[in-house]
Amino acid sequence: MSGHSQALIPPRKRVDGALVNRRFNKSIKENGGAGNVYEQAAVTQTKELFGCTVNDLYRETGGKKGRRDTLPQPAQEAYMVNESLAANELDRQIGRLGGESQDEVNSRILASVEQTSKQTRKWLPW
């Protein structure tokens, strides 16, 4: 090369539900979340977004538990939107959600997820 080379721009990836979910989980971890807080976050947002349990959502829509790609498109979109918003909110709170115990930290993370989910629910058509 002639000395005018530039660093290559990393390839971009299409954003999908799995990528959004990984970012959401990373935000939980960066706020000190541990243990079953990830599962509880899914339970919390499902309750707020759809008004049911995770098991009920999969059963009533014919989805296969643990496989969001088998849910109807509107449900997948709701999770993606909410997890994106919740990750942004959690990122904004990094370093400020501390607590004296892991349960306290997890509880504060879940409260943030719940609040974001309630706001997201207001924009959904059901």
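Start at 1 with the first residue, then count along the sequence. Just the heavy atoms: all of them, side chains too, but no hydrogens, waters or symmetry mates, feed the values below.
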Identify the heavy atoms of [X] and [Y] that sit nearest to each other, and give their distance.
X	Y	answer
S112	E89	OG-CG, 3.7 Å
A75	L71	CB-CB, 4.1 Å
Y58	R68	OH-CG, 3.3 Å
G32	N106	O-OD1, 4.3 Å
P72	T61	CD-CB, 3.5 Å

Supply the atom-to-atom distance [X] [atom1] to [Y] [atom2], rounded to the nearest 0.5 angstrom.
X	Y	atom1	atom2	result
S27	N88	OG	CG	7.5 Å
S107	E114	OG	CD	9.5 Å
R14	L19	CZ	CG	12.0 Å
D16	Q76	CG	CD	9.5 Å
D56	T46	CG	OG1	10.5 Å

Residue list, side chain to side chain donor-acceptor pair (under 3.5 Å) with T44, at least two apart or on another chain: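 In terms of side chain to side chain donor-acceptor pair (under 3.5 Å), with neighbours along the sequence ignored, T44 is linked to no residue.
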query: Linking I/L/V/M/F/W/Y whenever any side-chain heavy atoms sit under 4.5 Å apart, do I94 and L110 land together?
result: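 They do not share one cluster, since no chain of ILVMFWY contacts under 4.5 Å joins I94 to L110.
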message: Does V81 form a side chain to side chain contact (heavy atoms under 4.5 Å, CB included) with V20? I'd like the steps, not just the answer.
response: CA-CA 9 Å; V81 167; V20 171; over 6 Å; no
message: Would you say that more than 12 heavy atoms from the other residues, nucleotides or ligands in this model lie under 6.0 Å from the CD of Q73, or not?
response: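 Open: at most 12 neighbouring heavy atoms sit under 6.0 Å from CD of Q73.
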Check whether [X] reaches the backbone of [Y] with its side chain - one donor and one acceptor, N or O, closer than 3.5 Å.
X	Y	result
Q45	S117	no
N82	T120	no
T70	K64	yes

- prompt: According to the salt bridge (charged side-chain N to carboxylate O under 4.0 Å, His left out) rule, which pairs have a member within residues 21-34, sequence neighbours left out?
  reply: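 Listed by first then second residue: R23-D91, K26-E30.
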- request: Show the numbers, then the answer: is there a side chain to side chain contact (heavy atoms under 4.5 Å, CB included) between Y79 and L57?
  value: CA-CA 12 Å; Y79 274 128; L57 177 65; 3.4 Å; yes
field: Check: E60 and F50 side chains under 4.5 Å, non-hydrogen atoms
entry: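 In short, these two side chains do not touch, never coming nearer than 4.5 Å.
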- request: Report yes if some heavy atom in the side chain of L85 is under 4.5 Å from a heavy atom in the side chain of W123; otherwise report no.
  value: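 They are in side-chain contact.
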Enumerate, atom names and distances included, each donor-acceptor pair closer than 3.5 Å involving a side-chain atom of residues 34-41, sequence neighbours excluded.
unit_1 : atom_1 : unit_2 : atom_2 : d
Y38    : OH     : G33    : O      : 3.4

